[in-house]
Peer 1: 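Pasting a structure here, questions to come.
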Amino acid sequence: MSVASVSVQAQDFDPAAETERLTAGRADVGAVVTFAGLCRDEAGALEVLEIEYYPGMAEAEIGRVAAEAESRWPLLGLRVIHRHGLIRPGERIVLVAAASAHRSAAFEAAAFLMDYLKTRAPFWKRERRVDGGAGGWVQAKDTDEAAAGRW
Amino acid sequence: MSVASVSVQAQDFDPAAETERLTAGRADVGAVVTFAGLCRDEAGALEVLEIEYYPGMAEAEIGRVAAEAESRWPLLGLRVIHRHGLIRPGERIVLVAAASAHRSAAFEAAAFLMDYLKTRAPFWKRERRVDGGAGGWVQAKDTDEAAAGRW
Amino acid sequence: MKAVYFAWVRERIGKPEEELELPPEVATVGDMMAWLSRRDEGYAQAFDQPATIRAAIDHVHARHDASVREAREIAFFPPMTGG
Amino acid sequence: MKAVYFAWVRERIGKPEEELELPPEVATVGDMMAWLSRRDEGYAQAFDQPATIRAAIDHVHARHDASVREAREIAFFPPMTGG
């Protein structure tokens with residue numbers, strides 16, 4: 001049975017509550033690794049980030065990546081949340097929390113999830129600049145492809 | 001200037017508040033990786049874990065490991081907490097939270113810190129068993145030495 | 001079948017989705033991009049560097065040589081930038 | 001100088017710390033372990049597998065060939081199991 005839970009949503013989330021839920025009422029979890037991805041202000045230049053996504057596929061694709069993580073590492077819990085819509089500097093964009101008996105599984109699964117989210121989950125970021133400049137669509141980075149390639 | 005903060009303490013801590021503190025009032029952080037190490041109940045066999053430590057050296061050694069992490073990765077914040085004393089199943093033992101602009105630095109620094117804490121920080125765990133059995137001192141694992149050796 | 005477009009592919013084409021009847025000679029994702037890019041200037045711009053465009057068939061990533069014959073929904077979009 | 005002991009090294013020796021006057025022939029951490037293990041059965045047990053014992057001089061990890069001449073505090077303990 002899958003231990004993964006995936007949400008794609010506009011609203012913010014509470015990383016503490018999400019992480020807590022992975023360990024509540026159990027004592028077989030020895031390690032929880034939580035990744036929070038935040039919106040940077042690009043040295044004051046960014047007004048807001050617009051995140052477009054593919055409804056239906058986004059949830060399905062993250063679910064497939066989560067299932068792959070579960071097949072590779074002995075996870076006791078896995079939570080993934082990705083936001084869409086308007087996100088301001090300092091706000092949270094993405095959460096991955098992985099729970100396992102020993103630390104290496106949680107660390108590796110969380111890093112794997114993030115590398116795969118970056119390159120496989122159908123989300124696209126557009127920047128709106130403080131100076132009114134177009135900013136435009138964020139370009140995909142070769143380093144993200146390389147990071148995903150290592151798994 | 002160091003961005004690291006290290007505590008060795010008997011009392012519990014609040015991972016959410018500690019993580020929050022790394023990002024409060026700033027928008028240059030793009031990634032926060034938080035590791036929480038918890039006390040497992042060993043399938044119901046463990047009553048309580050006793051953690052002995054070397055006062056003075058524990059803080060100093062974690063500080064040296066934190067400084068090495070800062071020299072290797074461009075960190076914007078780093079928080080390490082290690083508890084000592086009596087810890088019951090399900091309770092938190094250790095926290096490492098690393099903040100950076102991009103995710104790889106935060107992931108790698110947090111994993112590095114944990115591998116080094118395991119093999120270099122002067123703490124010793126002893127198990128007290130539910131059945132009254134000695135349990136005794138936890139043995140160091142070769143896999144932990146190997147994990148530290150990869151850095 | 002339904003075609004859906006995202007990000008700057010959507011902007012260049014000028015609509016988020018449409019119903020299409022594919023001619024019999026359009027067998028693959030790659031064929032479909034070539035066929036679409038002959039429709040008008042917007043489509044041509046959207047697909048002017050076909051190698052950069054990603055596709056999905058029924059919510060699953062698909063290579064350019066994947067068959068479109070059984071597809072209910074085909075999506076075209078730039079490389080993803082989530083996470 | 002002060003010697004401090006932790007975990008089962010402390011238990012076998014039977015005390016957490018003590019003040020010691022090292023004889024001149026004790027130059028290194030390794031010498032000191034050999035010298036201590038001749039004191040009584042508890043010390044002998046604590047150091048019966050010297051290769052497994054870790055040491056620190058003034059709060060810094062020290063190898064067995066490190067000099068103890070300038071040390072103010074020397075610690076002996078089993079491999080660490082924190083984290």
Side-chain angles (χ1 to χ4, degrees), chain B residues 6 8 35-40 49-65 68 80-85 87 92-96 110-127 134-145 147-148, chain D residues 1-20 28-30 32-33 36-37 41-83:
Chain B
V6 172
V8 175
F35 176 88
L38 307 169
C39 178
R40 284 177 288 119
L49 209 56
E50 295 174 30
I51 304 186
E52 181 171 331
Y53 79 116
Y54 185 174
M57 178 169 170
E59 296 84 347
E61 185 64 23
I62 298 175
R64 285 188 285 268
V65 175
E68 188 171 343
V80 184
I81 305 176
H82 202 305
R83 291 178 67 195
H84 58 81
I87 297 184
R92 287 175 276 263
I93 300 170
V94 62
L95 175 90
V96 170
F112 168 86
L113 251 298
M114 281 309 306
D115 286 346
Y116 270 72
L117 282 186
K118 286 264 175 194
T119 54
R120 282 179 45 176
F123 293 82
W124 300 272
K125 293 192 183 113
R126 176 154 54 178
E127 297 181 340
W137 296 99
V138 172
Q139 288 242 316
K141 285 186 278 186
D142 291 344
T143 51
D144 286 329
E145 281 293 338
Chain D
M1 50 85 77
K2 188 173 156 187
V4 296
Y5 312 118
F6 293 96
W8 52 256
V9 172
R10 170 180 56 70
E11 290 181 324
R12 290 179 186 180
I13 290 174
K15 57 188 133 188
E17 60 178 71
E18 62 189 318
E19 286 295 327
L20 293 171
T28 67
V29 167
M32 186 170 167
M33 289 197 290
L36 283 169
S37 61
E41 187 54 30
Y43 288 95
Q45 273 186 24
F47 296 109
D48 71 347
Q49 291 189 59
T52 70
I53 302 297
R54 310 297 179 90
I57 296 177
D58 297 331
H59 292 175
V60 178
H61 287 294
R63 293 159 44 116
H64 288 188
D65 60 3
S67 168
V68 295
R69 304 269 192 220
E70 306 291 315
R72 290 182 307 272
E73 180 171 306
I74 301 194
F76 295 99
F77 42 78
M80 291 139 285
T81 54

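These figures come from a predicted structure and were not determined experimentally. Below, read A as the first sequence line, B as the second, and so on, with proteins coming before strands; counting in each chain starts at 1.
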Peer 1: Which bit of B:F35 comes within less than 4.5 Å of chain D, counting heavy atoms only: side chain, backbone, both or neither?
Peer 2: neither

Peer 1: When rounded to the nearest 0.5 angstrom, what is the spacing between CG in B:D144 and CE in D:M80?
Peer 2: 11.0 Å

Peer 1: On a heavy-atom basis, which atom in B:E52 and which in D:A7 lie closest, and how many Å separate them?
Peer 2: OE2-N, 2.9 Å

Peer 1: If you tally heavy-atom pairs under 4.5 Å against chain D, which of B:A121, B:G37, B:A58 wins?
Peer 2: B:A121

Peer 1: Of all heavy-atom pairs between B:P55 and D:F6, which one has the smallest distance, and what is that distance?
Peer 2: CD-CE2, 4.4 Å

Peer 1: Of all residues at least two apart in sequence or in a different chain, which pass the side chain to side chain contact (heavy atoms under 4.5 Å, CB included) check with B:A147?
Peer 2: A:R103, B:D115, B:R150

Peer 1: Looking at chain D, which one of B:K118, B:E61, B:H82, B:Q139 has the largest number of heavy-atom pairs inside 4.5 Å, strictly under?
Peer 2: B:K118

Peer 1: Measure B:R83 against the heavy atoms of chain D and call it side chain, backbone, both or neither at under 4.5 Å.
Peer 2: neither

Peer 1: Please determine, among B:Y116, B:W124, B:F123, B:Y53, the option with the most heavy-atom pairs under 4.5 Å with chain D.
Peer 2: B:W124

Peer 1: More than 12 non-hydrogen atoms from neighbouring residues, nucleotides or ligands closer than 6.0 Å to CG on D:D65, yes or no?
Peer 2: yes

Peer 1: Between B:I93 and chain D, which part of the residue has a heavy atom less than 4.5 Å away: side chain, backbone, both or neither?
Peer 2: side chain

Peer 1: Would you mind checking which part of D:V60 comes under 4.5 Å of any heavy atom in chain B, side chain (CB onward), backbone (N, CA, C, O), both or neither?
Peer 2: both

Peer 1: Check B:V138 against D:T81 and note the closest heavy-atom contact, atom names and distance.
Peer 2: O-CG2, 3.3 Å

Peer 1: Can you measure from CD (B:E59) to NE2 (D:H59) and round to the nearest 0.5 angstrom?
Peer 2: 8.5 Å

Peer 1: Taking C-beta and beyond as the side chain, do D:W8 and B:R126 meet within less than 4.5 Å on heavy atoms?
Peer 2: no

Peer 1: Heavy-atom distance under 4.5 Å to chain D: side chain of B:E145, backbone, both or neither?
Peer 2: side chain

Peer 1: Shorter than 4.5 Å, heavy atoms on both sides: which option in B:M114, B:R120, B:K141 has the most such pairs with chain D?
Peer 2: B:R120

Peer 1: If you count the non-hydrogen atoms of other residues, nucleotides and ligands that lie under 6.0 Å from CZ in D:R69, is the total more than 12?
Peer 2: yes

